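Keep in mind that what you see is a predicted model, and the values were worked out from it rather than measured. Order of the sequence lines fixes the chain letters, A, B, ..., with proteins taken first and strands second; residue numbering starts at 1 for each chain.
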Protein chains: 2
Amino acid sequence: MHMKTGVEQSVYAVLLLNMLPDKAVLPGEAISQQLKASPTYFRKLLRKLVSADVIASVPGVKGGFKLNKRPEAITVYDIYLAIEGRQSLYSSSGILGDLLELEKEESCCLLTDLMEEAEVAWKSVMKRETISSLAEKMNEQQFLLKTEALQQWVQRKMVA
Amino acid sequence: MHMKTGVEQSVYAVLLLNMLPDKAVLPGEAISQQLKASPTYFRKLLRKLVSADVIASVPGVKGGFKLNKRPEAITVYDIYLAIEGRQSLYSSSGILGDLLELEKEESCCLLTDLMEEAEVAWKSVMKRETISSLAEKMNEQQFLLKTEALQQWVQRKMVA
DNA sequence: CTAAACGCGGACAATCATTATCCTCGTTAT
DNA sequence: ATAACGAGGATAATGATTGTCCGCGTTTAG
Ligand code: SF4
Ligand code: SF4
């Protein structure tokens, strides 16, 4: 049981997009290069973020990706959800219903309820942190210098 | 990202063992039959539970498995931990350290801290429910009849 | 003491999810 | 028109999970 690495990559990709000035976009290949990810697979991740309305894409020459919401409105959970989808961590395989030979499945949930509650607790923590709060942390003392270098890289690679 | 089905199976296996009288044991094959799981693989799960000291095994003819703790002392989390192991849901692949070209990895954690907190929240819910609280729920009105049938099955299959 | 019933452990093989590549298409700036 | 980009699907490579097999040690029964 492990979270896809795509979630982490996506978070950092969105953080990069957050450094763009208004109206500018960053080509997908530049992003995957910077993240050292495989370009072809990374496009799939970006498209998932697009479907989830976290980011927007513009096609054509000088196309690329940009945020689709204010950074305060994008939580880590939004990104997780876009990449991992809605299926929950746990899902009953109906063993108990089997054990007890129940006809209808309703109201026989010893574990499902508990696991669902656990999952809600887990997700609620991920909902607390937003792209803008993460960006702030990147601007703290110890990272400031490197973060500025990153921003300059974004300036160079962006278009439009 | 999905939890192993072995966790669910193990929980129900432990619930079965909880129905045993003191000193009695249940052979592994009986358990896997009842759970409709593959016997050979299921033994692996049982052995994980043994290593985690959740259950105990006795070898030899008339051998089998039984609880190793009082049912109030076994949480769903204990079983989860036995099966899934200690590795966390999320683990950084060091992308940010890479992005920012940091030399040492310490104190550069934007996501790790958050994810760890989320995981703690998740696990703490699983720690609330114990085998004995689950067993109580099985004895509630709507399941009572079937649960008694299960107990009789346990009586028949147990040894020693 | 021998054999049979059981758990133990490791070396595989099969299955399934995730990651990665490729190729064709639609869109837009030049 | 063409070149640079994203969209989407088919399909491989990889890796984790699940499942099987076989030989071993231990204990009870005969
Ligand atoms: S108790 Fe809930 S989780 Fe377990 S089998 Fe029944 S419906 Fe599924
Ligand atoms: S910020 Fe934390 S999680 Fe991200 S790369 Fe650095 S150490 Fe790893």
Side-chain angles (χ1 to χ4, degrees), chain A residues 1-10 13 17 23-33 35-66 68 80 83-85 87-91 93 95 157-160, chain B residues 1-10 13 17 23-33 35-52 54-66 68 80 83-85 87 89-91 93 95 157-160:
Chain A
M1 184 188 204
H2 202 278
M3 191 151 145
K4 299 191 208 179
T5 70
V7 176
E8 184 183 7
Q9 295 177 318
S10 298
L17 294 181
K23 308 281 177 182
V25 302
L26 202 52
E29 204 180 329
I31 307 176
S32 55
Q33 258 172 27
L35 260 41
K36 297 188 178 35
S38 96
T40 58
Y41 182 56
F42 199 74
R43 272 213 311 266
K44 284 183 190 294
L45 297 179
L46 288 169
R47 273 189 282 125
K48 287 191 184 195
L49 292 170
V50 171
S51 318
D53 289 319
V54 173
I55 66 179
S57 68
V58 328
V61 158
K62 292 205 167 189
F65 299 87
K66 64 181 175 189
N68 194 35
Y80 160 84
I83 302 300
E84 293 270 353
Q87 65 163 355
S88 55
L89 297 196
Y90 171 84
S91 65
S93 39
I95 300 176
K157 293 291 187 171
M158 75 186 192
V159 292
Chain B
M1 184 188 204
H2 202 278
M3 191 150 144
K4 299 192 209 179
T5 71
V7 175
E8 184 183 7
Q9 295 177 319
S10 299
L17 295 181
K23 307 281 177 181
V25 303
L26 202 51
E29 204 179 330
I31 307 178
S32 55
Q33 256 173 27
L35 261 40
K36 296 187 176 38
S38 97
T40 54
Y41 183 54
F42 199 74
R43 272 212 312 264
K44 283 182 192 290
L45 297 179
L46 288 171
R47 273 187 281 126
K48 287 191 185 195
L49 291 170
V50 171
S51 319
V54 173
I55 67 180
S57 68
V58 330
V61 75
K62 292 207 169 189
F65 299 88
K66 63 182 176 189
N68 195 35
Y80 160 83
I83 303 299
E84 293 269 353
Q87 66 164 352
L89 297 195
Y90 171 84
S91 64
S93 39
I95 302 177
K157 292 293 188 173
M158 77 186 190
V159 291

Check: Roughly how many Å is it from CD1 in B/I31 to C1' in C/dA5, rounded to a whole number?
Finding: 15 Å
Check: In whole Å, what is the span from the CZ atom of A/F42 to the P atom of D/dA7?
Finding: 13 Å
Next item on the list: Determine whether more than 12 heavy atoms belonging to other residues, nucleotides or ligands lie under 6.0 Å from atom NZ of B/K4.
Entry: yes
Margin query: Can you confirm whether B/I83 sits close enough to B/Q9 that some side-chain heavy atom of one is under 4.5 Å from a side-chain heavy atom of the other?
Written below: no
Checklist line | Pairwise 5' ranking along DNA chain D for B/E84 and A/L46, keeping only the more 5' one | finding: A/L46
Note to self: Below the 4.0 Å mark, does D/dT18 have OP1 or OP2 next to a side-chain nitrogen or oxygen of B/T5?
What the structure shows: yes
Next item on the list: Using whole Å, report how far NZ of B/K66 lies from P of C/dC6.
Entry: 17 Å
Notebook entry, point to check: Atom CD1 of B/I83 to atom C1' of D/dT18: distance rounded to whole Å?
Noted result: 13 Å
Next item on the list: Rounded to the nearest 0.5 Å, what's the gap from CG on B/L49 to CG on B/L17? Could you check?
Entry: 8.5 Å
Item checked: Nucleotide nearest A/S57 when distance is taken to its side chain, options D/dG19, D/dA7, C/dG7 -> D/dA7
Item checked: Whole-Å gap separating C1' (D/dG6) and CG (A/N68) -> 15 Å
Check: Which residue, A/L45 or B/V58, contacts DNA chain C at a nucleotide closer to its 5' end, judged by nearest heavy atom?
Finding: B/V58
Notebook entry, point to check: Where is the tightest heavy-atom contact between A/P27 and A/K157, given as atom of each residue plus distance?
Noted result: CD-O, 3.6 Å
Checklist line | Heavy-atom protein contacts under 4.0 Å, nucleotides 9-17 of chain C, coded B base, S sugar-phosphate only, - none | finding: BBB------
Check: D/dG19 P sits how many Å from B/K36 NZ, rounded?
Finding: 15 Å
Margin query: Quick check: closest heavy atoms across A/A13 and A/I31, and the distance to 0.1 Å?
Written below: CB-CG2, 3.9 Å
Check: Which heavy-atom pair separates A/G28 from A/L46 by the least distance, and what is that distance?
Finding: CA-CD1, 4.1 Å
Notebook entry, point to check: Shortest non-hydrogen contact from B/S10 to B/L45?
Noted result: OG-CB, 4.1 Å
Next item on the list: Can you tell me the distance, in whole Å, between the NE2 atom of A/H2 and the C1' atom of D/dG15?
Entry: 13 Å
Check: How about A/E29: does its CD atom have over 12 heavy atoms from other parts shown lying under 6.0 Å from it?
Finding: no
All N/O pairs under 3.5 Å across the protein-nucleotides 25-27 of chain C interface:
unit_1 : atom_1 : unit_2 : atom_2 : d
C/dT27 : O2     : A/G60  : N      : 3.3

Check: Hey, which of these two, A/K62 or A/M3, hits DNA chain C nearer its 5' end, going by closest nucleotide?
Finding: A/M3
Checklist line | Value in whole Å for how far the C1' atom of D/dC5 lies from NZ of A/K157 | finding: 15 Å
Check: Who pairs with A/K44 by salt bridge (charged side-chain N to carboxylate O under 4.0 Å, His left out), at least two apart in sequence or on another chain?
Finding: none
Next item on the list: May I ask you to evaluate whether B/Y41 reaches the phosphate of D/dT18, defined as a side-chain N or O under 4.0 Å from OP1 or OP2?
Entry: yes
Notebook entry, point to check: At under 4.0 Å between heavy atoms, what does A/F65 touch on the DNA or RNA strands: base, sugar-phosphate, or nothing?
Noted result: sugar-phosphate
Margin query: Does A/S38 reach a base, just sugar-phosphate, or nothing at all? Heavy atoms under 4.0 Å.
Written below: sugar-phosphate
Item checked: Which atom of B/V7 lies closest to which atom of B/Y80, heavy atoms considered -> CG1-CA, 4.1 Å
